[in-house]
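This report refers to the structure that appears directly beneath it.
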2 protein chains.
Amino acid sequence: MDKTNWKLLKLLEGNGRLTYAELGKLVHLTAPAVAERVRKLEESGVITGYSVQVNLEKVGIPITALVECQVYRTKEREFKALVMDLEEVIECYNVTGPYAFVLKVGVKSMSKLDALLERLIDLSDTNTMMIMTTPVKRIMPLNIAQED
Amino acid sequence: MDKTNWKLLKLLEGNGRLTYAELGKLVHLTAPAVAERVRKLEESGVITGYSVQVNLEKVGIPITALVECQVYRTKEREFKALVMDLEEVIECYNVTGPYAFVLKVGVKSMSKLDALLERLIDLSDTNTMMIMTTPVKRIMPLNIAQED
DNA sequence: ATTGAAATGCAGATGTT
DNA sequence: AACATCTGCATTTCAAT
């Protein structure tokens, strides 16, 4: 992980479809050299994939929320299975503390959110926070030291 | 937003670097037809960008946490400015409820996390949940109705 | 369908340990 | 000296009009 690889990751964070030729110009290397570096980053598991970024509002999901779930002790396995099956769940974090799980969910309407919470409430006590804005959204921290 | 566009979004969610030719094979269209659809999705703001996915552990960030911040009423503006400046913050959500902000942070060590919380605590009461696993991580819900 | 650009594979060169 | 990495070139595939 030298400085050039960090630059490549940061550039690909900003635009995951940059060509090797374009990346090469930005890091002062030729396209094959960049391709080789990126290939190694992929093979070593540093890069796990590439994805599109979507505006949820524009695809009919105007409501997103964080749902903390204090799962009943005997229902953890069942809860996890449910969450992985629920279509509205965008992210699920298994965390320390009384709220064992925090979900990020996206729904088309408040009634859909209500229906979703009804399903979760059988297995957990929930606390819902509606997301109003997202001032920061990154792929990784900015502070990663650039040592070799 | 017809079915084909949904398929394209889902395919690009899985691999944001698929070529138009590859996408075309998967949705039974020619490459130029796909390129035109993707261009329109970009222009209309449905697609907001493309990005790489990175394994944080492999880049030296073994610790991630969710930090709920109950910001002091007079310090909201200051808090927001701080959060947008903090390198460790990966995501920041402004939410309803007493915890006005929820952060996702990534750090190299627990002492770095401690230092980060020290900075936040001047402007808010915090509650930290260490992320153990992430059973679900998607770009959008799966349940988006495929109406035209 | 045609033109220009990009990706890929390979041989030779360079530089580092 | 050996290994890794870069360059330059040729071929194939892709993008764009």
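Nothing here was measured: the structure is a model prediction, and the numbers come from that model. Residue numbers begin at 1 in each chain, while the letters A, B, ... track the order of the sequences.
Between D/dA16, D/dC6, C/dG9, one nucleotide has an atom nearer to the side chain of A/Pro32 than all others, and that is C/dG9. The nucleotide whose nearest atom lies closest to any side-chain atom of A/Thr19 is, among C/dA7, D/dG8, C/dA1, C/dA7. Nearest to the side-chain atoms of A/Tyr20 among the listed nucleotides D/dT7, C/dA7, D/dA15 stands C/dA7.
When hydrophobic clusters are built by joining Ile, Leu, Val, Met, Phe, Trp and Tyr residues whose side-chain heavy atoms come closer than 4.5 Å, directly or via intermediates, B/Val102 is not grouped with B/Val71.
Look at CG on A/Asp2: it is 14 Å from C1' on C/dG15, rounded to the nearest Å. A/Glu43 has its CD atom 12 Å from the P atom of D/dT5, to the nearest Å. Here the P atom of nucleotide D/dA15 and the CD atom of B/Glu36 are 14 Å apart, to the nearest Å. Per the geometry, CG belonging to A/Leu18 stands 11 Å off P belonging to C/dA6, to the nearest Å.
The pair A/Arg39-A/Glu42 does not count as a salt bridge, with every side-chain nitrogen at least 4.0 angstrom from each carboxylate oxygen. Salt-bridge formation is not detected for the pair B/Glu76/B/Lys80: no Lys NZ or Arg NE/NH1/NH2 atom is positioned less than 4.0 Å from an Asp or Glu carboxylate oxygen.
B/Ala21 comes within 4.0 angstrom of the backbone, heavy atoms only, and of no base.
Each of B/Ala35 and A/Lys40 was assigned the nucleotide of DNA chain D with the nearest heavy atom; the assignment lying further toward the 5' end belongs to A/Lys40. Residue A/Ala31 is the one, among A/Arg17 and A/Ala31, whose nearest nucleotide of DNA chain D lies closer to the 5' end (criterion: closest heavy atom).
Contact annotation: B/Arg39 side-chain N/O to D/dA16 OP1/OP2 distance is not under 4.0 Å.
Screening B/Asn5, B/Leu26, B/Leu142 against B/Lys10 for a side chain to side chain contact (heavy atoms under 4.5 Å, CB included) leaves a single residue, B/Leu142.
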